2 protein chains.
Amino acid sequence: MDSADDSSLGPLTEGGPSAGFLDDGKNTIGSQLASRLREAIISGELEAGSKINLDKARKTFNVSLSPLREGLARLISDGLVEFQDNRGYRVAPISLANLEEVTSLREELEVFALRESIRLGDVEWEGNIMRALHRLNRTERDAARPETLEQWEALHREFHLTLISGCGKPLLLHFCSLLLNLNDRYRRVFLIRTSGDRNVGQEHSEIAQGAVARDVDYACEKLRQHIHRTGTNLRNHLATKGIA
Amino acid sequence: MDSADDSSLGPLTEGGPSAGFLDDGKNTIGSQLASRLREAIISGELEAGSKINLDKARKTFNVSLSPLREGLARLISDGLVEFQDNRGYRVAPISLANLEEVTSLREELEVFALRESIRLGDVEWEGNIMRALHRLNRTERDAARPETLEQWEALHREFHLTLISGCGKPLLLHFCSLLLNLNDRYRRVFLIRTSGDRNVGQEHSEIAQGAVARDVDYACEKLRQHIHRTGTNLRNHLATKGIA
DNA sequence: GCTTGACAAATAATCGATTATTTTGATACT
DNA sequence: AGTATCAAAATAATCGATTATTTGTCAAGC
């Protein structure tokens, strides 16, 4: 059953480009574990649906149960880990239905958040968008170099979160961040490259331009299409490669 | 997501109304603590914003740190507890801004979920709504008897969740359940009685009727108004009694 | 008077060991 | 052969004690 090779937990790398904003470097072991595990799951290093054996994980990470459970608990909040009393933890499975729900909810929530951001965002918010856009468009994804993929993923996530960061609704931002996590896992697991008929950089630019120009309908429609296309794209890959 | 999560009115009434298919409940100490703490927070027994001292809590509940942290971790997922590395836990604060966000998001998400439920729900879903409505309307809230308030709250929550239970979107249901929790805390903390110009029972009936009649626009509009009125009502009480 | 630093108390985080539950596997029985 | 039963192994949950960090206090120095 336990087809996920736990020995692959070994070479996990921390301290990536997304290392932190307010990170004092004084994190607890539980926090560090949460980060490492999150990255391992989103990157596909830990197979979707696989069981997480506490004892093996404990040895792999050289930690005790307490911080391990602590870290796993946070991933449950993120929707990346499932838990059952007395039966332990497992990596949240992926499925067509889940992908479609994530896409659908992103269309609903992220667009709503963008609408609110355009209504409420200030000049600093606009500036943050342009900066995030610029950094994203400046970064190329080179399938041959995995570190560029990770870099792009981090900046892409940053761009989308920045877009909606002006909405003034912390809970909504939390939901969107969570959905983005789930979505990114599908991309990193299934999608190396965007389909040829898309110019994703162009799409991002249009959304950003519409946002800072305060053109609600334009920006929201562009964002919705962007999310929808990504969903369709991912769905095709998922159907092609099959579900693990 | 949530493993064992149900209307758990801990010490008082057992054999609750919920028809349990997932009778997981209360296996581990951590689960029990999560339920007790959730109830304590939503009921206002634990003051919003107050610090949760692990050592005192450990003694209060006669448990060790491990299950205590376990339970608290779940409440973080619920948005009822906040956490900071090395600084421990505190009950999530309440505020006007938070209440308005909760109301706003409920209008957005719960209505969306109802729309999807009407589109996808089957006959069993319809039946569940009518049952939940009946039981809710049969239960009177008597301010003199707190147990009737708790009972009503449980049935009210059950009704709203049943309404949207046909949407086929587990994540969306999770979000809505979470928002309902947060919303109910405001009502219970501020010991609300509905304002005289409202007939809440009537409102519930109209929503339910519209739902089972598959009248999307009618049902959704009624639900939105219902949520909005509740929000306004709570806001007035919050403003009157002041924010802690 | 105010800040700074050292120290002590309070509190949180982690560990190693123990207890409880689930799963596995062998055996006996129909 | 299939199934029920029970013990052993695997795994999860919990505990008590220890370590690490933060917070509070007070005296020295500016």
Side-chain angles (χ1 to χ4, degrees), chain A residues 1-7 9 12 14 20 22-38 46-47 49-77 80-92, chain B residues 1-5 8 22-38 41 46-47 49-77 80-92:
Chain A
M1 328 249 149
D2 193 354
S3 60
D5 186 4
D6 280 354
S7 63
L9 287 174
L12 290 180
E14 174 58 23
L22 292 178
D23 196 342
D24 296 330
K26 312 161 83 173
N27 285 343
T28 62
I29 297 179
S31 287
Q32 295 173 293
L33 273 176
S35 295
R36 293 177 67 179
L37 286 167
R38 183 181 295 111
L46 283 179
E47 186 184 350
S50 64
K51 184 131 181 21
I52 299 175
N53 183 302
L54 289 177
D55 218 42
K56 290 178 188 166
R58 182 178 65 71
K59 286 168 186 165
T60 301
F61 291 107
N62 279 327
V63 294
S64 190
L65 273 334
S66 319
L68 187 55
R69 286 173 154 273
E70 197 82 23
L72 286 167
R74 302 200 196 172
L75 297 191
I76 293 174
S77 306
L80 292 172
V81 165
E82 294 183 349
F83 171 79
Q84 240 189 328
D85 267 356
N86 286 317
R87 302 217 181 146
Y89 307 82
R90 80 173 48 240
V91 180
Chain B
M1 324 269 104
D2 271 6
S3 60
D5 177 19
S8 59
L22 292 177
D23 55 300
D24 270 11
K26 332 278 199 254
N27 282 335
T28 65
I29 298 179
S31 286
Q32 294 173 293
L33 273 176
S35 294
R36 292 178 67 182
L37 285 167
R38 182 181 296 112
I41 291 175
L46 283 178
E47 186 185 352
S50 65
K51 187 134 182 17
I52 299 175
N53 184 302
L54 289 177
D55 219 41
K56 290 175 188 167
R58 182 177 65 73
K59 286 167 187 165
T60 301
F61 292 105
N62 276 329
V63 295
S64 190
L65 274 333
S66 319
L68 186 55
R69 286 173 152 271
E70 197 81 23
L72 286 167
R74 303 199 195 173
L75 297 191
I76 293 174
S77 305
L80 293 172
V81 165
E82 295 182 347
F83 172 80
Q84 240 191 327
D85 267 355
N86 286 318
R87 301 217 182 148
Y89 306 82
R90 79 173 47 239
V91 180

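As the structure is a prediction and not an experimental result, all values here were calculated from the model. Chain A is the first sequence line, chain B the second, and so forth, proteins listed ahead of strands; every chain is numbered from 1.
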* With the side chain counted from C-beta on, respond yes when A/Arg58 and A/Leu65 share a heavy-atom pair under 4.5 Å apart, and no when they do not. => yes

May I have the distance from [X] (atom [atom1]) to [N] (atom [atom2]), rounded to whole angstrom?
X	N	atom1	atom2	value
B/Leu72	D/dT14	CG	C1'	16 Å
A/Arg58	C/dT14	CZ	P	15 Å
B/Leu33	D/dC15	CG	C1'	14 Å
B/Gln32	D/dT14	CD	C1'	12 Å
A/Leu65	D/dT14	CG	P	12 Å

Nucleotides 5-12 of chain C: which of its N/O atoms have a protein N/O under 3.5 Å away?
from	atom 1	to	atom 2	distance (Å)
C/dT11	OP1	B/Asn53	ND2	3.4
C/dT11	O5'	B/Asn53	ND2	3.3
C/dA12	OP1	B/Lys51	NZ	2.8
C/dA12	OP2	B/Leu54	N	3.0

* Residues two or more places apart in sequence or in another chain: which of them pass side-chain hydrogen bond (donor to acceptor under 3.5 Å, both in side chains) with B/Arg87? -> none

* Quick one: side-chain hydrogen bond (donor to acceptor under 3.5 Å, both in side chains) partners of A/Ser77, sequence neighbours excluded? -> B/Ser77

[X]: what forms a salt bridge (charged side-chain N to carboxylate O under 4.0 Å, His left out) with it, not counting sequence neighbours?
X	value
B/Lys59	B/Asp55
A/Arg38	A/Asp78
A/Arg74	B/Asp85

